S.K.: 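So that we are looking at the same thing, I have put the structure below in structure tokens.
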Amino acid sequence: MPVLEANGISIRFGGVQALTDVTLTVNEFEIVGLIGPNGAGKTTIFNCITGFYRPQEGRVRFKGDDISDLAAHERSALGIGRTFQNVGLVKSETVLTNMLTAQHAVIEYGPVAGMVGLPTTLRTERVLKRRAEAILDILDLGHLRDLPVQGLPYGVLKRVEIATALATDPDLLMLDEPGSGLGPQEALKLGDELLELRREFDLTIVLIEHHVPLVLKICDYVYCLNFGQLLTEGDPISVRNHPEVVAAYLGEEAPEAEEEAERLEAGLEGAEL
Amino acid sequence: MTTVLEPPTHDEPLDAAPADDRDFRPTPGGWAARAALPIGSLLVLFFYLNHFAPVRADNLSNGLIIAVGALSLNVLVGYAGQISLGHQAFIGIGAFTSAYVISQSHQSFYVALVVAALVGATQAVILGLVALRVRGLYFALVTLAWGAVSEQCIFLLKGFTGGGAGANAPKPGGFTTDRAYFVLVAIALGVILLIDWRMMASKAGRAMQALRESPQVAANYGVNVNAYTLLAFAVSGFYAGVAGALYASRRTTVQAVEFSFASIALTYLIVTVVGGLRKRGGIVAFAILFELGAEWLPDLAKSLGLPRSFQANAGTYLQAVSGILAILTLIFQPEGLGTITGPIGKWLKGERFHLGHGGGGGAEGVNARP
């Protein structure tokens, strides 16, 4: 059964058509890559799925239920965890507090019970803390727990953000460029860790990523977007070798330019002779 | 020959505190010093209340009431990142509700206190519904208008507030003396501080902190941003209602003229800012200092032999001085008195004394969301 189905998503901002009839399907425990040049609409489709944007057309289904009319916080509570391209953390708080805040929807006691300090709330708080520490340890972030988020290096922040997304107890994890700011070696290491996390947390993962070796290594299926439209989809290797994908990334050469280049080459050869 | 380029590593050592700090345990002498501070301040308080005329106790009650009012503002401005320039409405509605319940409905002070807190919360939530639609500077203007409407209309309703003549709110039995009433106010402040502490250590407080910084991140964490914004208003209104009820019974009568922008809304806001946004210890400390200043400045001016005109107005100069203090706080020390009270609090809990180890914060809470 597909965990996520986005059917015919179209969204306009004023006169700009950001997405046109985009359809994605993500099956359980799959890792699905979303690639495409800058401005292709990758983050926009994330925002449509997580509820930060309302598409003018199209429906989003999560685990079979239509969630198109739910607010972002409701979708998060249902089990869609998400990271942001430019780091979505509460910056003035410590790593641990962010982990506790991220468990908001998991907490069973009401806000007022917490304010008057009922014994059950104190017990729950201890459980939340243990859970937060366990996740931080899995990601090797345990030593950072009491540091304020502000001032941590970018690469570390991307990792902390994955930890907070896991703390929301997701079934579907949506990562917006988790490998940005990482070197080639580190990106591949992240790939191994994501495979490990999928196994450990029973996750289905969708990721936006520019790092091609990482995508090839871990993705089961890849969608390529360009100018707000689905260019192609399929297994990673065939998508990478798809001529249109290559053209979208490298830019298409105009025929006149090609002729011009040939002429110049010929001219140069002539001059040498 | 080929040279192998090492990939850059991000393994800089990042640790919360030096290892000896984390394993730090005070010596028995250290614990004694930590116990001496609260006991010592209680002794000083006891001496202060007993040695001087009862009016000192009454003034000190006022200081604690200001503290409750400032904590109410702290919830909105500090935690939730909203602004209120109409807090005289919050406090005044609490005061007049309490007076009404006591003198018109003939209920006890304690019933009145609860009703005032609930009415305070309700009116704040109504204002909060506006805040969900109007933001930033425009919302600040709405709160300013709400204060003015309360001053000019609600507080002059004859049936509710006794018009300009005022309403009666006698002190509860057993707490009729100024010294006994001070104890009652101190207990109320203690309860509010307890609620505030537990709130910030649980679901609601964390949600407010998150939505202040970024509604988007908060929503992504599963926080219902609108609901928790309204909750912040409700809590602020609740505290303000308590402050109002205590305010009313302290003087035993309340009049509309007391609830002006300058004497309540502005003063409380200054106390909140100088005490330190999100620093409840600093806020209580500065509320008490503010009251002591208003009380002792005229005496001080007299003993320094300053001109008579200055002596008479010394109390009002305090407001001007505090205003300047507030500006300086915002520029140079956004955490206000909390910079000092925070480390003292940690020290009392058995940690090492560190000045300026408050972490994060900054003045970003002052700026309402755009």
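Note that this is a predicted model, so its numbers are computed, not measured. Letters A, B, ... mirror the listed sequences (proteins, then strands); counts begin at 1.
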S.K.: Checking heavy atoms, do the side chain of B/L231, its backbone, both or neither come under 4.5 Å from chain A?
M.R.: side chain

S.K.: Below 4.5 Å from any heavy atom of chain A, which atoms of B/V191 appear? Answer side chain, backbone, both or neither.
M.R.: neither

S.K.: Looking only at the aromatic ring of each residue, does the gap between the centers of B/Y228 and A/H104 stay below 6.0 angstrom?
M.R.: yes

S.K.: Would you mind checking which part of A/T50 comes under 4.5 Å of any heavy atom in chain B, side chain (CB onward), backbone (N, CA, C, O), both or neither?
M.R.: neither

S.K.: Regarding A/R82 and the six-membered ring of A/F84, is the cationic atom NZ or CZ under 6.0 Å from the ring centre and inside 45° of its axis?
M.R.: yes

S.K.: I need the residue from B/M200, B/K203, B/M199, B/Q209 with the largest number of non-hydrogen atom pairs under 4.5 Å to chain A.
M.R.: B/K203

S.K.: Between A/R59 (side chain only) and A/D66 (backbone N and O only), is there a donor and an acceptor less than 3.5 Å apart?
M.R.: no

S.K.: Under 4.5 Å heavy-atom distance to chain B, tell me which part of A/Y109 shows up: side chain, backbone, both or neither.
M.R.: both

S.K.: With a 4.5 angstrom heavy-atom cut-off, is it the side chain or the backbone of B/A201 that approaches chain A, or both, or neither?
M.R.: backbone

S.K.: Do the two ring centres, one from A/F46 and one from A/F52, sit under 6.0 Å apart?
M.R.: no

S.K.: Between A/T168, A/V149, A/L128, A/L100, who has the most heavy-atom pairs with chain B when the cutoff is under 4.5 Å?
M.R.: A/L100

S.K.: In terms of heavy-atom pairs under 4.5 Å, which option from A/I80, A/T94, A/N98, A/T101 contacts chain B the most?
M.R.: A/T101

S.K.: Is the count of non-hydrogen atoms from other residues, nucleotides or ligands lying under 6.0 Å from A/K129 atom NZ greater than 12?
M.R.: no

S.K.: Is A/A72 close to chain B through its backbone or its side chain, or both, or neither, when contacts mean heavy atoms under 4.5 Å?
M.R.: both

S.K.: Any carboxylate oxygen within less than 4.0 angstrom of a Lys/Arg side-chain nitrogen, looking at A/E209 and A/K42?
M.R.: no

S.K.: Of all heavy-atom pairs between A/R54 and A/G51, which one has the smallest distance, and what is that distance?
M.R.: NE-O, 4.2 Å

S.K.: May I ask you to name which of A/L89, A/T83, A/T97 has the most heavy-atom pairs under 4.5 Å with chain B?
M.R.: A/L89

S.K.: Give the intermediate values and the outcome of side-chain contact (heavy atoms from CB on, under 4.5 Å) for residues B/Y239 and B/F90.
M.R.: CA-CA 9 Å; B/Y239 292 5; B/F90 283 52; over 6 Å; no

S.K.: When only pairs under 4.5 Å are counted, which of A/T164, A/V95, A/T124, A/T121 shares the most heavy-atom pairs with chain B?
M.R.: A/T164

